[in-house]
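Below you'll find the structure, written out as structure tokens, and then a few comments.
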Amino acid sequence: MSFRIAIAKCQIILTLVKAETGDTVAAQRVAVIGAGIGGLVAALRLAHAGLDVTVLERAAAPGGKMRSVPADGAQVEAGPTVFTMRWVFEEIFSECGADLSDRVELRPASILARHAWGADQRLDLFADPEASAAAIRAFAGPREEDGYRRFRARAAEVYGTLEGPFIRGERPSPVDLGRRVGLSGLGGLLRIQPFTTLWGALGEYFRDPRLRQLFGRYATYCGSSPFEAPATLMLVAHVESQGVWHVEGGLSRLAAIIADLAEERGARIRYRAEVAAIAVETGRGVVGVDLADGERIAADLVVANADAAALGAGLFGSRAARAVEAVPPNARSLSAVTLCAKARSSGFPLVRHTVFFSGDYANEFAELRAGRLPSDPTIYVCAQDRADDDSALDRPERLLCLVNAPALGLERPLAPTEIATCETNLRRKLTECGLTIKATPGTVTTDPAGFERLFPATGGALYGRASHGWMASFKRPGARTALPGLYLAGAASIRGRGADGGAIGADRGGQPAGRSRREGPRFDIPVARDGYVWWYVDALSEDGRQGLTIIAFIGSVFSPYYALDLSRDPFDHCTMNVVLYGERANRFCMTERGRDSLRRDASQIRIGPSGLAWDGTTLTITLDEVTAPIPSRVRGTIRLRPNGFTRDTFTLDADGRHRWWPMAPSSPVEVTLDAPSLSWRGTAYFDTNHGDTALGRDFSDWTWCRADLKDGSAILYDVRRRDGSLQNLSLRFAADGARRDIRPPLPAALPPTRFWRMPRATRSDDGASSVVRTFEDTPFYARSLLASTLDGEPVRPVHESLSLDRFRNPLVQFMLPFRMPRRAG
Ligand SMILES: Cc1cc2nc3c(=O)[nH]c(=O)nc-3n(C[C@H](O)[C@H](O)[C@H](O)COP(=O)(O)OP(=O)(O)OC[C@H]3O[C@@H](n4cnc5c(N)ncnc54)[C@H](O)[C@@H]3O)c2cc1C
């Protein structure tokens, strides 16, 4: 279950990469760390999209945890064995121009699994739900059959509610989740019992503890305890009921055919190539990976399929470590002790998947919680040479036996005596159920320390973070990281995170944020509910005596109406903010309009009577606005001709919810207004910000400034986030948009504004700067012209300070409508 979802989510990476690299997507060099199933699918899709992909895998073969081991001359599957959600793989193959069924044989299972509680207590679940219902009736009576029917219906409902996010979602927070489903959807969300444990919820359907145990075991499909995992995991029951298939050659074969297809589509896969560090350059993000043997593989993008815990633990360097959250040992999912063997079995009719249950499930998980191997373990046996046929075999068969184990890996390796006791308990339990296993020499035992050696820094956890508590899904990192160019692909990073993330994926598919985007702005990008996008231009006349700012907003971030709008519909809050500053004109317009006033396509946007249009060489802004609170007209045309576009988009918060692309930092501009009558030439700056949620949620304040230099321009952006962290971007761009990072200049104090006492601060080479003029002085925002030195030159930066704390002040909120009227059309 977990890996299928991880794979589905790997598809998001391509969407994100396309969004962030724009037209030059095909020119991107990608290094994928790890050829686990997540890395392989990411590599396949990226290679198929034309990117230059190199996969670096420390092991000798593809598959990661989907591996097989040699035992007595046979290859025994040593990883996951249950194959569901076949359509996920079919879609991937078909998108990449191949057919899954041409490459691997899949046979549907009619018995999903056999369950045993002793020699004479057995229950089979079948692909046919009516057959399962009948078996449950025969095993535990009509009341339990009825409970099973109700449970199945509820599991389907849970799956239906969470399908989008589990399969396609990127990383919604609980708040996003609530917002996205809206009031009508909240009922559905609550009905799926996110706050109840799976074990607790199962009590509503089954009185027979064995059935509770059987369906509670679904929590272990993602390495969690049914006593701590949310009831939402009952969706696994629905997934299984949609079909289980036997994969000819096992799931390691599936990994191998994906590796083959990725290579056919142009990816290079290098085995025994261990990545020692992700190479990062300040201000640029990732630039490649360094192998353990010292070789540098240059890359524009890095996809890490290695466990997110390994990144968080610093195995790939401190910059990569800061890009993800560390996984504390108590948040890890379960590990296992596995035995892979060729063995003769007798006394019990094994099918492909058989589970032998412990006598006391609560005690078993309490022991695991306490860091011990269970004294009476539940045992899963995969008889890999069988399908539904349970007849006796007169030859040794390939078996995988698995018991759950605490993920304490190399921190507290299990002593040989503990492993020996585990094997004894396992044999005793199987014998109690009538099964005798006689292994031929060459059994391969893997314990949590062994898994940690294979998958470093995981503690041996096989499924990333445990899904314990209703918040667990939201804590997994998404595919995007805080480090530009670094993405995560894998079950430990991207899996089951709530609801309706599909909307996020779709929204981001067309966002403007993009490296190497040279064709200019796109005005048709999607905007998430609660989100925003704005296009910003400021310009100064050659003589420095006239200036203007124009911001076209969808989801006007400073709108009091948007703040109060329960539907959080950004399209219903559009505005064209125009401010003129100059010796002959000081005017402010910010009339908000509803969705009917918005017209847009890729090359133009109109909000009411004003608009921006891009024809490939020139940005033309036509204005026809009215000032407030005292009405006067602002009408005319502004033409801006960028020399080139910059490559990089920057994320302003750790989760990538707010993105900024300084598209064209310095361009010639012509301003021709007939109201007020004014015309001048100068230089202009053009950028765009795009976010998925309100600014005030993630930021306390920021200061920003941009200055023209003799050859290009400089931009300084200092952001203070709500969590107290700070981010400085100090950038220099040549006239054609090429970027060079500069050392952050020294902090320089500035006086607060005169009327509203808005704090201002900036940076300069010598830590000194002065205010030449204050263009705008509002309770939460100030715009000024400064005099300072940057990168060795005397400059006149245009500067803004924004306080989102002040913006939240009720008095400010009360005053805003006077400056920002709202019109119906
Ligand atoms: C015994 C067992 C049973 C399981 N049962 C189930 C099940 O029933 N259902 C289910 O859904 N899931 C199950 N799982 C879990 C499932 O296998 C994993 O969730 C999934 O395969 C993980 O895939 P991945 O691509 O995210 O990561 P991995 O498979 O861990 O791949 C990561 C890859 O990165 C490589 N790597 C790590 N560090 C480096 C480095 N520095 N340089 C280069 N390469 C590196 C590793 O070698 C590995 O190949 C089981 C796992 C095991 C072991």
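Atoms within a ligand are numbered from 1 in the order they appear, just like the ligands themselves. These values consider heavy atoms only, across backbone and side chains, with no hydrogens, waters or symmetry-generated copies.
Under the 3.5 Å distance criterion, the side-chain polar atoms of Thr378 are matched with a main-chain donor or acceptor of Ser358. Side-chain N or O atoms of Asp390 include none that pairs as donor or acceptor with a backbone N or O of Val351 at under 3.5 Å.
Salt bridge status for Arg398 with Asp385: present, with a side-chain N to carboxylate O gap under 4.0 Å. Salt-bridge check for Arg103 with Asp260: failed, with every basic side-chain N at 4.0 Å or more from each acidic carboxylate O. Salt bridge Arg265/Glu263: absent, no basic N to carboxylate O contact under 4.0 Å. Salt-bridge formation is detected for the pair Lys429/Asp376: a Lys NZ or Arg NE/NH1/NH2 atom is positioned less than 4.0 Å from an Asp or Glu carboxylate oxygen.
The aromatic rings of His115 and Phe357 sit parallel to each other, their planes meeting at less than 30°, with 60° as the upper class boundary. Ring geometry, Tyr218 versus Tyr221: the interplanar angle exceeds 60°, so the pair is classed perpendicular (tilted spans 30 to 60°).
Listed by chain and residue number, Glu274 satisfy the salt bridge (charged side-chain N to carboxylate O under 4.0 Å, His left out) test with Arg58 (two or more places apart in sequence, or in another chain). Every residue two or more places apart in sequence or in another chain was checked for a salt bridge (charged side-chain N to carboxylate O under 4.0 Å, His left out) with Arg272, and none qualifies.
Note on ligand 1: Ala292 sits outside its first shell, no heavy atom being nearer than 4.0 Å. Within the 4.0 Å heavy-atom shell around ligand 1 one finds Leu402. The closest approach between a heavy atom of Gly63 and any atom of ligand 1 is below 4.0 Å. Proximity of Ala273 to ligand 1 is established by a heavy-atom distance of less than 4.0 Å.
Looking at Thr81 next to ligand 1, no N or O pair under 3.5 Å apart turns up. Geometrically, ligand 1 and Gly38 share a nitrogen or oxygen pair separated by less than 3.5 Å. Checked by distance only, ligand 1 and Ala78 stay at 3.5 Å or farther apart across all their nitrogen or oxygen atoms.
Those atoms of ligand 1 that come under 4.0 Å of a heavy atom in Phe316, given as number and element, are 41 (N). Set against the non-hydrogen atoms of Gly34, the atoms of ligand 1 under 4.0 Å away are 33 (C), 34 (O), 35 (C), 44 (N). Annotation for ligand 1: atoms under 4.0 Å from non-hydrogen atoms of Phe451 are 53 (C). Interface of Ile37 with ligand 1, defined as ligand atoms under 4.0 Å from a residue heavy atom, comprises 23 (O), 25 (O). Within ligand 1, the atoms closer than 4.0 Å to a non-hydrogen atom of Gly64 are 29 (O), 31 (O), 48 (C), 49 (O), numbered from 1 in the order shown. Atom numbering of ligand 1 starts at 1 in the shown order; those under 4.0 Å from a heavy atom of Leu462 are 15 (C), 18 (C), 19 (O), 52 (C), 53 (C).
Heavy-atom proximity to atom 32 (C) of ligand 1, evaluated over Leu311, Ile33, Asn305, Leu315, is greatest for Asn305. Heavy-atom proximity to atom 31 (O) of ligand 1, evaluated over Gly39, Ala310, Gly36, Ala59, is greatest for Gly36. Evaluated by nearest non-hydrogen atom to atom 2 (C) of ligand 1, the leading choice among Ala61, Pro62, Gly79 is Gly79. In this comparison of Glu57, Glu274, Arg58, the heavy atom closest to atom 38 (N) of ligand 1 sits on Arg58.
For Phe83 and Phe89, the ring centers are positioned less than 6.0 Å apart.
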